[in-house]
Amino acid sequence: MISFWEQSSFFKYDTIIVGSGIVGLSMAASILEKDPDNRVLILERSVVLGGASTKNAGFACVGTPSETLWDLRELGREGCFNLINMRYKGLQRLRQRLGDDKIGYKQVGGHELIGEDGLHYLKELDKLNELFKPIFGGPPYEIANHKIDEFGFNKDKVKALVYNKYEGHIDTGKTISNLIQYVQKLGARILAGAEVVDYVKIDSHKVCVKVKNPLKQPETYDFHAKSLVLCTNEYSNKFIKNCGIVPGRGQVLITKPIPNLKVKGIFQFDQGFYYFRDHENRIIFGGGRNLDLEGEQTYEMKTTPKIMNNLKKLLKEVILPGVDFEIESEWAGIMAFGEKERAPLIDSLDENIFAAVRMGGMGVAISSYAGDIIAEKLLKQQKEVAVRPSL
């Protein structure tokens with residue numbers, strides 16, 4: 001039974017956000033920056049806040065040439081331009097909001113490793129630079145083959161390097177921790193271990209969100225709000241019909257410290273399916289989903305020998321040839337991709353139901369941009385309600 005005091009103080013809000021990853025937290029920040037009096041509740045199914053955001057490799061990037069050319073074919077010039085624009089603007093917004101120190105951001109530049117079969121990408125760099133120059137204020141991509149020796153890569157495998165000076169890396173644990181503190185200081189309330197099982201739209205200015213009662217199942221706690229924002233990414237199929245989202249597991253490892261490590265910066269190859277970076281003289285290396293795309297469409301957060309053995313082989317043969325290294329730990333996280341649609345879903349689903357999902361592995365980059373877009377629509381909708389009812 002819920003008491004009168006509990007009902008009046010803990011179950012009624014202006015806005016409920018489902019998901020405490022970087023998208024959900026950024027959503028709360030954008031709403032409260034624009035409307036400090038908005039009563040915001042964030043619901044997180046896990047007992048640990050941050051969702052899948054703290055399972056990543058800590059990249060602050062917008063896309064390699066090979067991946068971007070894929071987007072260009074799928075989305076066209078305008079769609080591809082908009083995608084890169086939201087990623088870059090989102091990164092700048094995140095930096096502006098918290099400051100580089102609180103997110104551990106370093107603009108070290110991003111590199112794509114190009115093998116023999118990818119040399120044709122180099123012929124299209126001018127086309128990409130022309131398209132994206134208005135976003136960055138200069139051409140983002142340049143050939144940097146002289147760095148292959150500098151980083152110590154296997155020259156038989158790496159035939160070219162493409163550099164983008166506008167990219168960097170972040171400390172995702174630090175980012176999430178400081179973002180949590182930031183939104184709580186603004187007034188957001190966060191509940192961990194609160195698994196949303198369903199929601200019911202009551203009318204244009206009221207939604208009932210049902211949260212599992214762990215002590216007395218199948219009963220639920222019913223939370224009410226004027227607006228609901230779904231920031232559930234890979235779990236969105238549960239709440240959004242026909243959103244075309246498929247999960248994509250990202251497996252990651254980290255080495256023990258390597259003396260005199262030459263590799264500095266962030267790196268990707270094979271259309272972004274592989275990605276690695278340095279961190280305190282270690283290498284963080286993830287990817288390999290393309291080895292088993294169907295098998296990696298899973299919600300299981302565990303590593304597999306097939307992917308891990310492949311990552312270790314590439315470390316030894318391509319990235320760190322002739323260098324002794326040991327693996328310290330490995331983990332897995334879940335990303336969300338469009339089954340057919342590559343662009344993220346950042347929009348209203350109904351009059352007072354919104355979603356920011358389908359991030360395609362770029363949640364860090366897109367999150368702050370998505371928060372600002374939805375906040376503007378949500379607050380406008382709330383203000384347009386002629387008579388603000390008492391919840």
**Q** For E195 and K238, what are the C-alpha separation, side-chain angles and deciding distance, and is it a salt bridge (Lys or Arg N to Asp or Glu O under 4.0 Å)?
**A** CA-CA 12 Å; E195 182 178 353; K238 180 177 179 180; 3.7 Å; yes
**Q** Any donor-acceptor pair under 3.5 Å linking the side-chain atoms of T304 with those of Q251?
**A**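 The answer is yes; a qualifying pair exists.
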**Q** Side chains of R189 and Y13: do they bring a donor and an acceptor to under 3.5 Å?
**A**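 A donor-acceptor contact under 3.5 Å links the two side chains.
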**Q** Is atom CD of E294 surrounded by more than 12 heavy atoms (other residues, nucleotides or ligands) closer than 6.0 Å?
**A**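 12 or below, so no.
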**Q** Can K147 be said to sit on top of Y163's aromatic six-ring, NZ or CZ under 6.0 Å from centre and within 45° of the ring axis?
**A** yes
**Q** For the aromatic rings, using the six-membered ring if either is Trp, is the centroid distance between F132 and Y88 under 6.0 Å?
**A** no
**Q** When you measure from the centre of the six-membered ring of F285, is the NZ or CZ of R277 under 6.0 Å away and within 45° of the axis?
**A** no
**Q** Should we say atom NZ of K89 is surrounded by more than 12 heavy atoms from elsewhere, each under 6.0 Å from it?
**A**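 Result for NZ/K89: open.
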**Q** Would you say K155 has more than 12 foreign heavy atoms packed within less than 6.0 Å of its NZ?
**A** no
**Q** More than 12 heavy atoms of other residues, nucleotides or ligands under 6.0 Å from NZ of K133: is that the case?
**A**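 No, NZ of K133 has 12 or fewer neighbouring heavy atoms, counting only those of other groups under 6.0 Å.
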**Q** Apply the test side chain to side chain donor-acceptor pair (under 3.5 Å) to residues N310 and Y274: give CA-CA distance (whole Å), side-chain angles for both, the deciding distance (0.1 Å), then the verdict.
**A** CA-CA 11 Å; N310 178 59; Y274 292 94; 2.7 Å; yes
**Q** Within the 4.5 Å heavy-atom criterion, are K312 and I327 side-chain neighbours or not?
**A** yes
**Q** Closest heavy-atom contact between I31 and L379?
**A**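 Where I31 meets L379 most closely, the heavy atoms are O-CD1, 3.9 Å.
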**Q** Would you indicate whether K106, at its atom NZ, is surrounded by more than 12 heavy atoms from other residues, nucleotides or ligands within a distance under 6.0 Å?
**A** no
**Q** Less than 3.5 Å apart, any donor N or O on the side chain of N38 or Q382 sitting next to an acceptor on the other?
**A**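 N38 vs Q382: donor-acceptor pair found between side chains.
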**Q** Evaluate side chain to side chain donor-acceptor pair (under 3.5 Å) for Y299 paired with R249, printing each intermediate quantity in order.
**A** CA-CA 7 Å; Y299 294 100; R249 180 166 55 192; over 6 Å; no
**Q** Could you verify whether a donor N or O on one side chain and an acceptor N or O on the other, from T220 and N213, lie under 3.5 Å apart?
**A** no
**Q** Looking at K316, I'd like to know if its NZ atom is crowded, meaning that more than 12 non-hydrogen atoms belonging to other residues, nucleotides or ligands lie closer than 6.0 Å.
**A**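 Open: at most 12 neighbouring heavy atoms sit under 6.0 Å from NZ of K316.
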**Q** Would you please name every residue forming a side-chain hydrogen bond (donor to acceptor under 3.5 Å, both in side chains) with Y235, sequence neighbours left out?
**A**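 Expected list: none.
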**Q** Could you tell me which non-hydrogen atom of W331 sits nearest to which non-hydrogen atom of M308, and how far apart they are?
**A**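 So the minimum-distance heavy-atom pair works out to O-CE, 4.3 Å.
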**Q** Just wondering, more than 12 heavy atoms not from K377 lying within 6.0 Å of its NZ?
**A** yes
**Q** Just say parallel, tilted or perpendicular for the rings of F11 and Y221, cut-offs at 30° and 60°.
**A** tilted
**Q** Show the numbers, then the answer: is there a salt bridge (Lys or Arg N to Asp or Glu O under 4.0 Å) between K226 and D14?
**A** CA-CA 5 Å; K226 294 180 176 68; D14 293 313; 2.8 Å; yes
**Q** The criterion is side-chain hydrogen bond (donor to acceptor under 3.5 Å, both in side chains); which residues satisfy it with E124, sequence neighbours excluded?
**A**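 Only K127 meet the side-chain hydrogen bond (donor to acceptor under 3.5 Å, both in side chains) criterion with E124.
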**Q** So, using salt bridge (charged side-chain N to carboxylate O under 4.0 Å, His left out) as the criterion, who are the partners of E351 when residues are at least two apart?
**A** none
**Q** Under 6.0 Å between ring centres: does that hold for H111 and F269?
**A** no
**Q** If we only count heavy atoms from C-beta on, is the S26 to V183 side-chain gap below 4.5 Å?
**A**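 Side chain of S26 against side chain of V183, heavy atoms only: no contact under 4.5 Å found.
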**Q** Tell me whether N260 at atom CG has more than 12 heavy atoms from other residues, nucleotides or ligands lying less than 6.0 Å away.
**A** no
**Q** Is there a side-chain contact (heavy atoms from CB on, under 4.5 Å) between H169 and D278 once you walk through the steps?
**A** CA-CA 9 Å; H169 55 54; D278 70 297; 4.0 Å; yes
**Q** Answer with yes or no whether the side chains of T255 and E326 bring together a donor and an acceptor at under 3.5 Å.
**A** no
